[in-house]
Amino acid sequence: MANFYTDNPEIKFELENSPLMPRIVELKEREYRDKDEYEEAPQDYADAMENYENTLEIVGDIAANIIAPNAESVDAEGPHCENGRVRYASKTYENLEALIKAGMNGVTMPRKYNGLNFPMTVYSAANEMVSCADASFENIWSLQDCVETLYEFGSEDQLARFIPRVCNGETMSMDLTEPDAGSDLQSVMLKATFDEENNCWRLNGSKRFITNGDSDIHLVLARSEAGTKDGRGLSMFIYDKRDGGVDVRRIENKLGIHGSPTCELVYKNAKAEICGSRKLGLIKYVMALMNGARLGIAAQSVGLSQAAYNEAVAYANDRQQFGKAIINFPAVYEMISNIKAKLDAGRALLYQTSRYVDIYKALDDIARERKLTPEERAEQKKYAKLADAFTPLAKGMNSEYANQNGYDCIQVHGGSGFMLEYACQRIYRDARITSIYEGTTQLQVVAAIRYVTTGMYSQVISDFEQQTVSEDLCPYMDRLKVMAAKFNADIEAVKAAGDQDLLDICARHLYEEAGNLIMAHLLLQNANKAPELFAKSMNVYMNLAESEVEKHHNFIARMDASQLDAYRK
C-alpha cells in the first residue's frame with residue numbers, strides 16, 4: 001500500500017539529518033518536562049523522533065490512500081454556497097474526518113490544549129504530504145496554523161477557549177484581503193466599533209478572496225481607529241462563527257484549487273473580540289501570521305512539485321513511442337531530472353527554513369515563562385533573523401518551481417496532459433496560485449532584498465563554503481564559489497550605482513541568485529551525507545543554478561540607468 005512518507009525517504013532524511021534537530025526538540029519539549037504529566041510525551045530525543053516518524057507515517061497513509069484518491073472528485077465537485085454558508089465537496093468531509101480521527105490537528109500546539117506539541121519542521125512534512133495528495137484540501141486543513149498567531153498574541157482566556165477547539169478539528173481562516181486592499185493591507189477598511197452595552201467589538205464591511213472563509217474561527221484585520229487611513233489604525237480580531245453575523249456572499253470560480261472555498265464575506269454587526277493590543281494588527285500580528293502562511297505555501301509548493309514528479313515518472317515509464325518507453329528519450333528524462341532537482345533543492349530550503357523558525361519560536365515561547373539567558377537571547381536573535389531572511393526565499397522560489405514543474409509534467413504527458421482525465425492538469429492549475437497568494441513572488445523579493453544589500457545572504461553563503469565535503473564533491477564547491485563571486489560583484493555594482501529604480505529592477509535577479517546559491521549549497525550538503533538519495537539531483541541542480549546565476553549576472557552587467565527607459569512605460 002502506498003505511503004507518502006515511507007515512499008519518499010528524502011522527507012525522513014530532512015527530518016533526521018540536521019545538527020539543529022536535537023536543539024529543536026530540546027527546546028520544544030522544555031528538556032522533556034511533560035513526560036511525567038502526559039503519557040504521550042517523549043522521554044528523550046530518540047523517543048521524540050520515533051513519535052514524529054510514527055505520526056508522519058499515519059499522515060502519509062491518509063494522504064496516499066484517502067486524500068489522493070478523492071482529489072479528482074473534489075476538484076470536479078468543488079464547494080457550494082447555500083444560504084450564506086459553505087458546503088464542501090462531499091469527499092472533503094471524508095478527508096477531514098480521517099485526519100481528525102487520527103488526531104492530526106493542533107500539530108504544533110502545547111499538550112495542555114490537546115495539541116501534539118510538534119515542531120514546525122514536522123508540521124511542514126505533514127503539510128507537504130497532504131499537498132502532494134490534494135493542494136486544495138491542504139488549504140483547508142493547514143489553516144489550523146493560524147492558531148500559532150492566536151497562541152503568540154492572544155490572552156490566556158482566549159487561548160483556553162479557542163485553541164482546544166482547533167486541536168479537536170475546528171477550522172480557521174485569516175480574513176485580511178478586501179476588494180480595494182489586496183497586497184496593500186494598509187488600505188483595509190472593514191470597520192470595527194466597540195459596543196459599550198454588550199462589552200464587545202462589532203465588525204461591519206466585506207472581505208474578499210478569503211481562503212476557507214466559512215471557517216469556525218477567524219482572525220480578522222479591521223480598522224479600529226476612526227479617522228485613520230494607514231496601518232496604524234488596524235487591529236486584529238477573533239470572530240467565532242457560533243456568534244453569527246458573517247455570511248458568505250459567494251464562492252469565487254477559480255482556475256485551480258477547486259476544493260478550497262475562496263469566499264467573499266459580508267460582516268453585519270458581527271460580534272468579535274480583540275486579539276492582542278489595539279493598533280498592532282498590521283504592524284505586528286499580520287506580519288507574524290503571513291510569515292507562517294508563507295512557510296505553509298512553501299510546503300504546499302514542494303508537495304505539488306512531488307506530485308508533478310510522481311505523475312511525470314509514472315507516465316513516462318508507461319508511455320511507449322518508437323518501440324520504447326519515453327523515459328528513455330533524453331528530451332524527456334532531462335525534463336524529469338530537472339523536476340526532481342528543483343524538488344530536492346526546494347525541499348532542502350523548506351526544511352532549513354522550518355528549522356530556523358522552530359528555534360526562534362521555541363525561545364520566544366520560553367521567554368513567556370522566564371527570562372532568557374544572554375546566550376539564549378543571542379540564539380533567539382540569530383535564528384529569528386535567519387527565519388525572516390529564508391522565509392521569502394522558501395515561499396518565492398518553491399512556488400515558482402511548483403509552477404515550472406507542473407508545466408513540465410504536462411509537457412512530459414504530451415497531448416494527454418491537455419486532457420482533463422490526467423491528474424497533471426489539476427496539479428498545473430493548483431500550482432498557479434502558489435506564486436500569487438500570501439504575497440506574490442514580487443512581494444517576496446521586496447521582503448528579501450534587504451538581506452541581499454546588507455550582505456546577510458552573502459554571509460550565509462560564505463558560511464556554507466566552510467562546510468567540509470568529500471573529495472569527489474570539492475569541484476562542486478569550487479563552482480559554487482565562482483557563482484558566489486559573481487553574485488557579490490552584482491550586489492556591489494547595483495549598490496554603487498546609487499539608483500533606487502535600478503535596484504528595484506535588478507532585485508528579482510539578485511533574489512534568484514541568492515536562492516539558487518543557497519539551495520545548491522543545501523543540496524550539496526545533503527549529497528555529502530546521502531549520495532544515494534541526492535547525488536544525481538545535486539549534479540543536475542548545480543548545472544541549473546550555474547546557468548541561472550550566469551543569466552542574472554549578464555543582465556545586471558548590462559543594466560544601468562540609461563537602460564531603464566527601455567522598461568518604463
Determine, step by step, whether E375 and K381 satisfy the salt bridge (Lys or Arg N to Asp or Glu O under 4.0 Å) criterion, reporting the C-alpha distance in whole Å, the side-chain angles of both residues, the deciding distance to 0.1 Å, and the verdict.
-> CA-CA 10 Å; E375 293 78 14; K381 184 177 180 180; over 6 Å; no
Examine distances only and state if a side-chain atom of N539 and a backbone atom of A535 form a donor-acceptor pair shorter than 3.5 Å.
-> no
Examine distances only and state if a side-chain atom of N398 and a backbone atom of A394 form a donor-acceptor pair shorter than 3.5 Å.
-> yes
Aromatic plane relationship, F464 with H521 - under 30° parallel, 30 to 60° tilted, over 60° perpendicular = tilted
Would a 4.5 Å heavy-atom cut-off, applied to side chains only, mark L20 and T121 as touching?
-> no
Given the options R347, E128, K340, Q306 meets side-chain hydrogen bond (donor to acceptor under 3.5 Å, both in side chains) only with R347
Does K481 NZ have over 12 foreign heavy atoms under 6.0 Å away?
-> yes
Quick check: does any side chain N or O of K207 sit under 3.5 Å from a backbone N or O of L176, one acting as donor and the other as acceptor?
-> yes
Heavy-atom count around R568 CZ within 6.0 Å, excluding the residue itself: above 12?
-> yes
Can you check whether G213's main-chain N or O pairs, donor with acceptor, with S173's side chain at less than 3.5 Å?
-> no
N139-Q300 side chain donor-acceptor pair, cut-off 3.5 Å = yes
I461 vs I518 side-chain heavy atoms within contact, under 4.5 Å | yes
Side-chain H-bond candidate by donor/acceptor type, D408 with Q404, under 3.5 Å | no
Kindly check if the number of other-residue, nucleotide or ligand heavy atoms within 6.0 Å of CZ (R232) is above 12?
-> no
Pair S354-S124, side-chain donor/acceptor within less than 3.5 Å = yes
Within a strict 4.5 Å, meaning less than it, do heavy atoms of the L150 and C275 side chains meet?
-> yes
Quick one: pull up OG1 in T177 and CG in L190 and give me the separation to the nearest 0.5 Å.
-> 12.0 Å
Test log, rule ring-ring contact (aromatic ring centres under 6.0 Å, His included), inputs F13 and F534 | CA-CA 10 Å; F13 173 90; F534 299 108; 4.9 Å; yes
Exceeds 12 heavy-atom contacts within 6.0 angstrom, atom CZ of R479 = yes
Side-chain (R30) to main-chain (L27) donor-acceptor, under 3.5 angstrom = yes
Checking T228 side chain against D230 main chain: does a donor-acceptor pair fall under 3.5 Å?
-> no
If only atom types and distance count, is the side chain of N127 paired as donor or acceptor with the main-chain N or O of G296 below 3.5 Å?
-> no
Cut-off 3.5 Å, side chains only: do Y383 and E379 have a donor facing an acceptor?
-> no
Is there a donor-acceptor contact under 3.5 Å linking the side chains of R355 and S18?
-> yes
Side-chain touch V494/I556, heavy atoms, less than 4.5 angstrom = yes
Any chance you could lay out the side-chain hydrogen bond (donor to acceptor under 3.5 Å, both in side chains) test for N338 and Y541, step after step, and finish with the verdict?
-> CA-CA 7 Å; N338 287 343; Y541 192 78; over 6 Å; no
Is there side-chain contact between I257 and K254, with at least one heavy-atom pair below 4.5 Å?
-> yes
Atom CD of E225 with >12 non-hydrogen neighbours under 6.0 angstrom | yes
Is a donor on one side and an acceptor on the other found under 3.5 Å between the side chain of K486 and the backbone of H552?
-> no
Is a side-chain N or O of K395 found less than 3.5 angstrom from the main chain of I297, in a donor-acceptor match?
-> no
Run the numbers on R370 and E376 for salt bridge (Lys or Arg N to Asp or Glu O under 4.0 Å), then give the verdict.
-> CA-CA 11 Å; R370 63 167 174 82; E376 288 172 331; 2.8 Å; yes
Do Y151 and D365 have side-chain N/O donor and acceptor atoms under 3.5 Å apart?
-> yes
For Y511 and Q442, test the side chains for any donor-to-acceptor distance below 3.5 angstrom and give the result as yes or no.
-> no
Would the number of heavy atoms belonging to other residues, nucleotides or ligands and lying under 6.0 Å from NZ of K229 be above 12?
-> no
For E31, look at atom CD and say whether over 12 heavy atoms of other residues, nucleotides or ligands are found less than 6.0 Å away.
-> no
Do you see a donor-acceptor pair shorter than 3.5 Å between the side chains of S458 and N488?
-> yes
Side-chain touch L343/Y401, heavy atoms, less than 4.5 angstrom | no
D358 vs R23, salt bridge (Lys or Arg N to Asp or Glu O under 4.0 Å): CA-CA, chis, key distance, verdict = CA-CA 10 Å; D358 271 325; R23 179 60 171 159; over 6 Å; no
Is there a side-chain contact between K361 and E148, using heavy atoms and a 4.5 Å cut-off?
-> yes
Hey, are the side chains of S187 and D180 touching, using non-hydrogen atoms and a 4.5 Å cut-off?
-> no
So, for F118 and Y123, is the gap between ring centers shorter than 6.0 Å?
-> no
For residues Y457 and F487, establish whether the separation of their ring centroids is below 6.0 Å.
-> no
Go through V469 and C474 one step at a time and tell me if the side chain to side chain contact (heavy atoms under 4.5 Å, CB included) criterion holds.
-> CA-CA 6 Å; V469 296; C474 286; 4.2 Å; yes
Could you please spell out the steps behind the salt bridge (Lys or Arg N to Asp or Glu O under 4.0 Å) verdict for E513 and R508?
-> CA-CA 9 Å; E513 283 188 84; R508 174 74 178 261; over 6 Å; no
N291 (side chain) donor-acceptor with D388 (main chain) under 3.5 angstrom | no
Verify whether one side chain among Q380 and R377 offers a donor that lies under 3.5 Å from an acceptor in the other.
-> no
